[in-house]
Amino acid sequence: MADYLARLNAEQRLAVETLDGPLLVLAGAGTGKTRVLTTRFAHILLTGRAWPSQVLAVTFTNKAAREMRERVSALLGRPADGLWLGTFHALSARMLRAHAALAGLSPNFTILDTDDQIRLLRQLMEAARLDIKRWPPATLAGVIQRWKDRGLTPARVTAAEDTDFAAGQARALYADYQARLATLNAVDFGDLLLHVIELLRAQPDLLAEYRRRFRYILVDEYQDTNVAQYLWLRLLAEGHRNLCCVGDDDQSIYSWRGAEVENILRFERDFPGARIVRLETNYRSTPAILAAAAGLIAHNEGRLGKTLRPGIAAAGEKVAVVGVWDSDEEARMVGGRIEALRAEGHKLAEIAVLVRAGFQTRAFEERLLTLAIPYRIVGGLRFYERQEIRDALAYLRVLAQPADDLAFERIVNLPRRGVGETALRSLREAARAAGIPLAAAAGALLERGALRGPARAGLTGLLRDLDRWHGVLDAQGHVTAAETVLDESGYSAMWQADKSADAPGRLENLKELVRAMAEFETLGGFLDHVALVTETETDAAEDRVNLMTLHGAKGLEFDTVFLPGWEDGVFPNLRAMDAGGAKGLEEERRLAYVGLTRARVRAIVSHAAHRRIYANWQDSVPSRFLDELPEAAVVRSGAIAAGGMARIAAPPPRLAGAWELAPRPAPAAAFAAGARVFHEKFGYGTVTAAEDHRLEVAFDKAGTKRVLDGFVSAA
DNA sequence: CTCGGCAGAATTTTT
DNA sequence: TTCTGCCGAG
């Protein structure tokens, strides 16, 4: 037997060697899912069943794709080139670039990010005279995205689906939006998949070609696929049906993004004759941690059901549940324990603080900063989302694709060159009238002598510059072109002249951007990377504590995991619950399960009785998940702040602080229209409209406002 | 056209 | 507390 097979246990080997026909691998946390996937990949190649270019391997994150590529090449003993391995979006982009014309696009189409989408939608909504205060463009972006997640083009959205937003205008706006994207030669994230699906459906020859090419299909994190992704996979796999999906229904945490756990629950029905292999031996966590996680997840209904068996013998430390007075003390507690671990010789990189929502990392950052403990924020502010980077990218996008009006609008007056709102309005008008891009319209207007003053001078200069930069791009490549653009546009100079504290950092980021470009052969390749690879490269080599969200932690593991903020409303998150109801709560529980199972040797769960929201303090109640942890697997303790020093109370079965006795409030009673309420700032008022947690309140003194119900109390 | 100051509202997760 | 967006003055 090949030695790479000998390293697997029986269930893993079965998952690797079952090659023909549909296969679902149900892989519990820490059961060697990635090993199975990569070994299977290598096995297909090494047994000569397919060439590297004949295997399609789909992951959810670029990180997972990278890791798989590395591990496959390690197994093969050579670089794994020519693979179709990547995220759904990256693979779709690759297919779409190759057949753009069939989708009505030119191959240099732009991939818009969320920010661009929202800008575009705002324009459309303003044109439609919608009140963007009342109906935020970002909400519409969400509605459209969810339709796209479900594979719905505007024509397929029924009127019954279109009631929630702006009295049923979302569908029409969606159609406008798609039309606008077509003229911009642009696609958004959802379009990447949607266009490919439409393409495969409309072009039988193309579909047949792809089906012939991809003899084996591997899918990671199948529980997180949405309908569009499911349709995409199904189209490609339907011929030979050599489809292997790996997933864990207990780790499905992306339903808010359109993921359908049902996809995994339904696999056998979708692919009759499918085999199912369960991986249930956990080699990651101690039995104590596993017991805690298992006890928690057992409270969910609608699972496929797996029993995780510990693959590690020593019982290990119990999960610590720590109650503290307030959020400041929680940060001190976590910081203190990290210091102690460091003093004992533990590596900081093996410690993670996993929070429910991004803003929660802040408190820990501050604490670690004062303790001089190095940390990194994983998935926090992303490089390509920074203002200066997006500005620079807009310049490059205009060079790559002159029809990219969104990018053009962004840079047309940046740095200031006298092209204000008035000039821009006539530009837009001319562009719309002639059905041409803004840049082209600018040229036409200038020729006609239509503009005057600073706007004329500014635009003339910009168009001349763009023309010259095109020459630089063609003659000297994209790196030199980028340097030239940043220099000659005055953009770098703008930041050099800026005296604010973050200006030097921004200039440094711009340099970093140019450096990053050198790794790509073409400008287009680089821009695709930017659009599709949202995560920041973090040098894992440095020994730093990891701060991240629970979502961001999926697929990772650490010796020590801190899980702060286990309080009702924070975690389980209030909004997640009222958006998703009972299902929402189950997803929150799966998130908790994901968090616990990241830990190899120790997990510290904490909750605070008081949490500072902005300036004021709010009482909070321990998370219901704490009650669901089996007693045998946890040690509970309360810590009470006294004179600035944290003192750990003797560990009673339940913690001792008085705050803990507070009864859990009934699920937030939504206020109905007519209810009298009191608001910290606006005083007394009467509710005039209520939907979910959003209230419209006519205040006696402050007028009518829209507020969240958390900010008011019954009067 | 640009800039500075003020008012008002704010909390989820991301390919 | 922090951010964004609006408005008025220069």
Side-chain angles (χ1 to χ4, degrees), chain A residues 58-65 86-93 111 113-115 122 132-133 136 138 141-142 145 148-149 188-193 220-221 224-226 228-229 252-259 354-363 366 378-380 382 384-385 413-424 453-455 458 531-535 548-554 565 569-580 584 587-588 590-591 594-595 611-616 618 679-682 693-694 697 699 702-703 705-711:
Chain A
V58 194
T59 62
F60 264 81
T61 63
N62 297 288
K63 190 164 48 178
T87 62
F88 278 102
H89 299 275
L91 293 167
S92 296
I111 301 172
D113 64 19
T114 330
D115 202 63
R122 164 176 288 142
I132 61 166
K133 278 251 171 77
Q145 199 59 55
K148 290 187 173 178
D149 287 342
D188 66 18
F189 260 116
D191 282 342
L192 287 170
L193 283 127
D220 193 10
E221 309 279 18
D224 285 330
T225 49
N226 60 34
Q229 288 159 339
S252 163
I253 55 176
Y254 283 107
S255 76
W256 51 273
R257 211 173 71 188
L354 308 183
V355 296
R356 177 63 182 85
F359 71 90
Q360 290 175 268
T361 56
R362 202 184 195 118
E366 281 170 15
V378 181
R382 283 172 286 191
Y384 295 119
E385 283 178 4
N413 199 30
L414 190 82
R416 308 255 174 236
R417 45 174 78 90
V419 187
E421 197 47 45
T422 331
L424 197 52
L532 296 169
V533 180
T534 51
E535 82 218 32
M548 67 185 96
T549 64
L550 287 159
H551 284 88
K554 194 162 76 155
V570 177
F571 191 42
N573 179 277
L574 180 69
R575 294 178 64 135
M577 287 191 293
D578 70 56
E587 180 149 318
E588 293 290 289
R590 290 194 291 269
L591 204 45
V594 167
R611 197 159 281 279
R612 185 165 43 202
I613 303 300
Y614 299 110
N616 47 350
Q618 251 181 24
H679 187 281
E680 270 297 305
K681 221 170 186 168
F682 305 136
H693 288 270
R694 293 168 202 285
V697 182
F699 289 101
K705 313 268 177 206
R706 295 175 65 79
V707 295
L708 286 173
D709 66 358
F711 289 87

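Proteins come first, then strands; the chains are lettered A, B, ... in the order of their sequence lines, and each starts at number 1.
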What one should report as the nearest heavy-atom pair of A:Leu532 and A:Ala93 is CD1-CB, 3.9 Å

What are the two closest non-hydrogen atoms of A:Gln229 and A:Asp224, and how far apart are they? OE1-O, 3.8 Å

Using whole Å, what does the distance between atom [atom2] of nucleotide [N] and atom [atom1] of [X] come to?
{"X": "A:Phe60", "N": "B:dT13", "atom1": "CZ", "atom2": "P", "answer": "19 Å"}
{"X": "A:Glu588", "N": "B:dT12", "atom1": "CD", "atom2": "C1'", "answer": "8 Å"}
{"X": "A:Phe88", "N": "B:dT14", "atom1": "CZ", "atom2": "C1'", "answer": "15 Å"}
{"X": "A:Phe359", "N": "C:dC3", "atom1": "CZ", "atom2": "P", "answer": "15 Å"}
{"X": "A:Arg611", "N": "C:dT1", "atom1": "CZ", "atom2": "P", "answer": "18 Å"}
{"X": "A:His551", "N": "B:dT15", "atom1": "NE2", "atom2": "P", "answer": "11 Å"}
{"X": "A:Trp256", "N": "B:dT15", "atom1": "CH2", "atom2": "C1'", "answer": "9 Å"}
{"X": "A:Asp188", "N": "B:dT14", "atom1": "CG", "atom2": "C1'", "answer": "14 Å"}

Looking at A:Tyr254, does the NZ or CZ of A:Arg257 lie under 6.0 angstrom from its six-membered ring centre and within 45 degrees of the ring axis? yes

Along DNA chain B (nearest heavy atom to each residue), the more 5'-positioned of A:Ala423 and A:Ala576: A:Ala423

Please figure out whether A:Glu587 or A:Asn413 has its closest DNA chain B nucleotide nearer the 5' end. A:Asn413

Could you list the residues that satisfy side chain to side chain donor-acceptor pair (under 3.5 Å) with A:Asp113, not counting sequence neighbours? A:Arg390

Checking all strands, does A:Thr114 fall into the base, sugar-phosphate, or nothing category for heavy-atom contacts under 4.0 angstrom? nothing

Can you find a side chain N or O atom of [X] that sits less than 4.0 Å from OP1 or OP2 on [N]?
{"X": "A:Thr61", "N": "B:dT14", "value": "no"}
{"X": "A:Thr549", "N": "B:dT12", "value": "no"}
{"X": "A:Arg257", "N": "B:dT15", "value": "no"}
{"X": "A:Arg416", "N": "B:dC3", "value": "yes"}

Non-neighbouring partners of A:Glu588 that pass salt bridge (charged side-chain N to carboxylate O under 4.0 Å, His left out), sequence neighbours left out: A:Arg356

I want to verify a distance call: between C:dT2, B:dT12, C:dG5, whose nearest atom is closest to the A:Arg122 side chain? C:dG5

